[in-house]
Amino acid sequence: MLYPYEPLMLSIIMLPIMSSVLVYCVGVKTKTDLKYAAVLTMIFVFVLAIMLIPAVQDYNIYKVSYSGAEPIAHLGKDGSQTISMDMRIDSLSLIVLLLTSLVTTLAMLFSMQYHKKREIENSNSYYACMLLFAAGMFGVLFSTDMIQFYLFWELMLIPSYLLVTYWGEDKKHSQKIGLKYFIYTHIGAVLILIGILFTFTLTGKTDMETAGAFLGTKDANLVKITASLFIIGFGIKMAVFPFHSWLPDTYSNAPLPISVMLAGAMSSIGVYGLIRFLFTLFTHDILMSFTYILLIVAVITQFYGAIMALVEKNIKRILAYSSISQAGYILFGIGTAVSIGVGGSILHAVNNGLIKALLFMVVGAVILMTGIRYTDQLGGLAGKMPFTAFAGVVGALALAGIPPMNGFVSEWMILAGGFGTAYTVLAILAVIASIFTMAYSLRFVKEIFFGELPKNLESTKETSLKISLVLAVLVLLCVIIGIVPTLVTGFIRNALGLFRGILGGW
Amino acid sequence: MEFSLTLQTLILLPMLCLFIGAFLTYLIGRICYNEGVPKLIGVVSLLFMLLSLLSIYWLYTKLSPPISELPLEYPTPVDSTSIFLNLKVDSLGLLIATVAALMGTIVSLYSITYMEKDRGLDRYYSLLLMLVGAIVGLAFVSDVFSLYVFFELMCISSYALVAFRKDKWEPIEAGFKYIVMSVTGSILVLFGISIIFSQTGKLDFASIQIAMTSVSNNGAVNVSIILFIVGFGVKAAIVPLHTWLPDAHAAAPSGISAMLSGIVIEAGFFAMIRVLLMFSTDIGFGLILAIFAVITMTVGNLLALAQTDIKRMLAYSSVTQMGYIVLGIGLGFEYGARAGFEGGLFHIFTHAFMKGLAFLCAGAIIYRISTRNIEEMRGIGRTMPFTAVAFAIAGLALAGVPPLSGFMSKWIIYKAGVDAAVATNNLTLVVFTAFAVANSVLSLGYYLPAINTMFSSDISEKAKNAKEAPILMLAAIGIMAFITIIIGIYPDLVLKNIEPAVDFIIKLVGGK
């Protein structure tokens with residue numbers, strides 16, 4: 001057939017959507033518990049994602065073009081401005097796809113165990129929302145057309161809003177926190193839309209590749225405004241300073257498996273969007289003009305997140321602030337606009353996804369077993385929960401960027417990129433921020449697992465085998481990527497080769 | 001132009017179906033005065049609506065391949081002076097006529113059950129048929145005076161329909177307020193027409209447009225433009241002339257609210273467009289429209305946020321949505337932004353079905369639990385799931401959430417602002433897009449809580465006892481929901497038919 005991988009790609013998007021509808025409808029009608037169906041769907045999707053690896057290895061960019069079919073909309077004189085829905089996968093989207101499908105699968109497996117003890121109402125709707133959320137993410141990754149991208153971006157919004165609000169753990173403030181998340185994210189999405197509109201107006205195209213080819217010839221001021229719109233829009237999603245205020249409340253209020261999804265998968269989608277738009281549409285010179293301000297904002301974000309994490313007592317919020325800080329790292333790498341910096345950012349997004357997923361699950365295991373979420377009431381759990389402690393320590397070391405964990409490789413690449421720019425002072429500040437990162441991550445494990453064990457926690461037991469298995473998978477991945485980073489960096493190098501907006505070699 | 005008799009009859013056919021239907025429905029209602037009457041005349045009116053819809057479709061096929069205008073004129077000499085009733089079918093008019101006929105059909109279907117307990121249904125259905133007939137006529141006229149005649153016919157039908165349930169005070173007060181404001185508007189329009197006639201001595205659009213090129217920028221012409229904008233603006237609910245709308249749309253029976261919000265106010269704006277197309281756009285009325293559009297959007301949204309009555313909330317939302325349409329068209333007039341016309345016309349289409357859907361769902365809920373208060377509808381998602389889901393679809397579509405139809409039309413309007421900014425190299429014009437976008441986000445502030453309340457896990461006393469809506473009402477709601485979703489996924493279905501209309505306008509306006 002013409003496109004052998006097309007059914008795979010279509011299934012990756014359509015299966016979660018159909019499964020979500022089925023789980024909801026059948027669940028409502030027959031009142032059975034369909035979470036196994038949901039989890040099985042997700043596992044299957046992950047397998048499909050792995051099967052796509054050869055497509056990218058053979059073809060570099062694998063595009064399924066429905067150009068024979070009519071575009072979905074014609075605009076303009078003679079209908080010359082069109083919007084079509086093709087699908088494409090290349091090295092960059094493959095990496096993020098593998099990450100998001102893995103994290104979603106693990107989050108669902110974790111949630112089956114987690115919600116055995118901490119029960120939720122309307123479990124079917126919960127899993128249906130998770131599936132829709134995942135489908136939105138996958139659709140974003142497969143988009144070639146900017147409007148198609150925006151459509152799937154918005155598809156992510158409503159399920160995640162429902163998940164955060166309806167099943168939120170802080171019953172009193174859940175509505176307010178959910179609404180804040182919704183509004184911030186929606187405003188970000190709308191700014192991206194205006195950026196897309198500018199691009200459409202300037203070039204008459206909505207396909208990212210062709211628009212990028214034309215955009216170089218347009219008036220520089222307008223192009224810079226478009227770039228700023230994208231940066232701010234995606235920046236809100238990534239939660240860089242000063243658009244970060246939705247994140248701490250949302251991450252700590254969401255039920256734990258959802259925090260895993262948000263921190264592990266959704267954060268990397270924001271990074272993907274930023275990299276995809278910036279480096280496909282804009283030339284190197286335009287991007288260089290933003291380097292200074294991006295680096296400054298990134299460094300501020302790093303410090304802000306790290307310092308807040310250092311003094312926070314709620315263990316979920318520590319991780320939330322850590323996410324903000326890591327977003328700063330990633331933005332730093334992107335801001336450098338050189339290959340090694342941007343490559344480091346991509347790797348760091350992947351690593352951060354895995355590490356945050358791991359750490360949130362560790363926190364989840366602790367909350368599940370002890371019911372406590374504040375560091376001043378925890379301590380010394382290493383004796384009672386050895387494996388969880390081990391996973392937590394691995395995660396913290398990875399977060400701190402200590403070899404041979406994965407965090408080290410990506411941080412090193414980002415900082416190398418930073419020293420490659422003219423702004424050495426900012427790069428040095430980033431290194432100092434690394435030290436702060438080390439401080440809070442080690443504090444994190446110390447407060448929970450080491451030190452004195454409070455009296456009321458004497459009878460804590462280790463978490464169930466199933467949760468330990470999930471943690472083990474993530475631990476393994478962190479270590480493997482740390483020792484053999486070429487597994488991932490091979491794809492990253494391919495990805496960077498695609499972008500016209502980057503100069504400079506490894 | 002000589003055309004065969006059959007084609008000329010074809011143009012008259014939609015209107016004939018509707019007016020004859022109005023007459024027959026009333027006759028049947030009067031003669032057969034027994035138990036089965038409400039359903040019978042409902043079905044009869046549905047039949048006539050369907051017939052007119054089919055004849056409009058027939059006309060549409062005669063028009064394609066897309067010829068933007070097919071001036072089939074049906075001259076009826078009234079007396080020896082040259083006043084003719086000219087009908088001209090072009091893509092622009094066809095759009096409005098299609099929406100009117102389609103909405104009319106669906107509302108007839110809905111009303112068969114919704115209105116069955118009311119009295120005086122012989123008047124209801126015949127008025128409804130007359131309303132749609134007037135709008136179809138409005139869409140097909142080619143001179144200013146006939147425009148006024150059909151416009152007035154539409155208004156009069158709607159006055160009676162708003163105040164239909166005359167045993168209660170609220171509809172009567174709403175109807176009275178509506179009549180006073182609307183008649184004032186109509187008089188201003190008539191005054192404007194008379195000024196134009198005195199300036200040019202002609203009444204049909206084409207001749208006046210030619211005459212305007214030589215009379216341009218006359219003080220009298222400017223006055224007439226202002227009179228037209230204000231006069232038709234009352235009907236189109238542009239702030240500050242909108243104050244009749246919340247009362248009227250809330251007090252009318254829900255099928256009529258759907259018609260009013262869906263097509264009647266748009267028809268009022270359509271009449272304004274038709275008339276303004278005669279003038280040269282250098283006068284700058286486009287900018288006035290765009291500025292008032294932005295004010296309308298914001299005021300509508302802010303007032304909607306405060307509402308607890310679901311129909312009033314939807315009525316204020318209609319004010320906002322009209323703001324979008326006016327913004328698109330205004331930007332098109334002022335800056336030649338083609339996307340403005342595309343977006344504005346497309347939004348007329350999508351809004352009719354989104355708002356219609358919302359009102360029909362609200363009506364179904366009110367039919368079951370007899371209250372309009374949103375708080376008392378808490379938890380109704382459990383007992384009336386289809387209706388509640390359809391309302392959620394309508395609300396999200398109205399807020400501009402992809403992939404529903406509202407997003408498709410709104411983003412073309414956003415693009416118009418950006419187009420205007422880039423074309424004139426004046427970046428402050430992006431403020432129009434910014435306002436439009438901000439208002440979309442703001443509108444979520446009242447749709448989401450309403451949807452939230454409906455799907456809440458607590459359930460109010462009244463909601464507990466509700467049953468799902470009757471089958472005919474569900475069918476009507478289902479059709480509207482289907483259209484809303486389909487146009488969202490595949491907007492080209494409608495867009496490719498709007499393009500000829502936009503070409504036609506651009507030719508007159510001279511934009512890009």
Side-chain angles (χ1 to χ4, degrees), chain A residues 24-25 28-29 70-79 81-85 121-122 125 136 139 147-148 150-155 157-158 161-162 165-166 175 178-179 182-187 189-191 193-204 206 218-219 221-222 225-226 229, chain B residues 337-339 342-343 346 381-382 385 392 396 399-404 407-408 410-423 425 427 430 433-434 436-438 440-442 444-445 448-449 451-452 455-457 487-496 498-499 502-503 506 511-512:
Chain A
Y24 178 70
C25 293
V28 161
K29 276 292 163 198
E70 282 294 295
I72 64 158
H74 285 96
L75 280 179
K77 226 174 173 52
D78 313 321
Q81 302 174 338
T82 57
I83 304 171
S84 8
M85 298 271 184
E121 299 181 358
N122 297 326
S125 316
I147 295 289
Q148 180 188 10
Y150 179 75
L151 254 105
F152 283 108
W153 186 268
E154 288 281 44
L155 181 60
L157 177 58
I158 294 195
Y161 164 74
L162 291 173
T165 315
Y166 275 123
Q175 289 273 7
L179 202 59
F182 189 93
I183 292 179
Y184 266 84
T185 311
H186 195 57
I187 292 182
V190 149
L191 285 171
L193 181 64
I194 300 183
I196 294 176
L197 288 174
F198 261 93
T199 317
F200 193 15
T201 304
L202 286 171
T203 62
T206 51
K218 304 293 169 183
D219 173 30
N221 281 324
L222 288 173
I225 292 178
T226 316
L229 284 167
Chain B
R338 193 195 165 90
E342 283 166 351
F346 193 25
R382 235 177 262 196
L396 291 173
V401 172
L404 298 168
F407 167 71
M408 286 298 161
K410 276 191 182 179
W411 81 266
I412 303 180
I413 298 179
Y414 301 155
K415 181 170 181 294
V418 173
D419 280 351
V422 169
N425 228 353
L427 278 176
V430 180
T433 301
V437 160
S440 268
V441 178
L442 193 55
L444 281 166
L448 279 185
I451 299 175
N452 209 358
F455 282 102
S456 141
S457 30
I487 303 292
I489 300 178
Y490 200 32
D492 225 23
L493 284 173
V494 179
L495 271 178
K496 68 176 190 285
I498 292 186
E499 290 299 324
V502 177
D503 288 329
I506 294 279
K512 24 192 163 336

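The sequence lines fix the lettering, A, B, ..., with proteins before strands; numbering per chain opens at 1.
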> How about A:Leu151 and B:Met408: do any of their side-chain heavy atoms sit closer than 4.5 Å?
Replying inline: yes
> B:Val502 versus chain A, heavy atoms under 4.5 Å apart: side chain, backbone, both or neither?
Replying inline: neither
> chain A heavy atoms under 4.5 Å from B:Leu448: which part of the residue, side chain, backbone, both or neither?
Replying inline: side chain
> Would you call B:Trp411 and A:Ile196 a side-chain contact if the rule is heavy atoms closer than 4.5 Å?
Replying inline: no
>> I'd like to check the side chain to side chain contact (heavy atoms under 4.5 Å, CB included) partners of A:Thr226; sequence neighbours left out, ordered by chain and number.
In response: A:Phe198, A:Thr199, A:Leu202, A:Phe230, A:Phe282
>> Heavy-atom count check: over 12 atoms from other residues, nucleotides or ligands less than 6.0 Å from A:Tyr24 OH?
In response: no
>> Is B:Val441 close to chain A through its backbone or its side chain, or both, or neither, when contacts mean heavy atoms under 4.5 Å?
In response: both
>> As an exercise, state the distance from CG of B:Asn452 to OG1 of A:Thr165, rounded to the nearest 0.5 Å.
In response: 8.0 Å
>> For A:Phe182 and B:Leu444: C-alpha separation, side-chain torsions, deciding distance, then whether side-chain contact (heavy atoms from CB on, under 4.5 Å) applies.
In response: CA-CA 10 Å; A:Phe182 189 93; B:Leu444 281 166; 3.3 Å; yes
> Roughly how far apart are B:Phe407 CZ and A:Leu193 CG, rounded to 0.5 Å?
Replying inline: 5.5 Å
> Residues two or more places apart in sequence or in another chain: which of them pass ring-ring contact (aromatic ring centres under 6.0 Å, His included) with A:Tyr166?
Replying inline: none
> Which bit of A:Leu191 comes within less than 4.5 Å of chain B, counting heavy atoms only: side chain, backbone, both or neither?
Replying inline: neither
>> Between A:Leu157 and chain B, with a heavy-atom cut-off of 4.5 Å, which part of the residue counts as in contact: side chain, backbone, both or neither?
In response: neither
> Heavy-atom distance under 4.5 Å to chain B: side chain of A:Phe152, backbone, both or neither?
Replying inline: neither
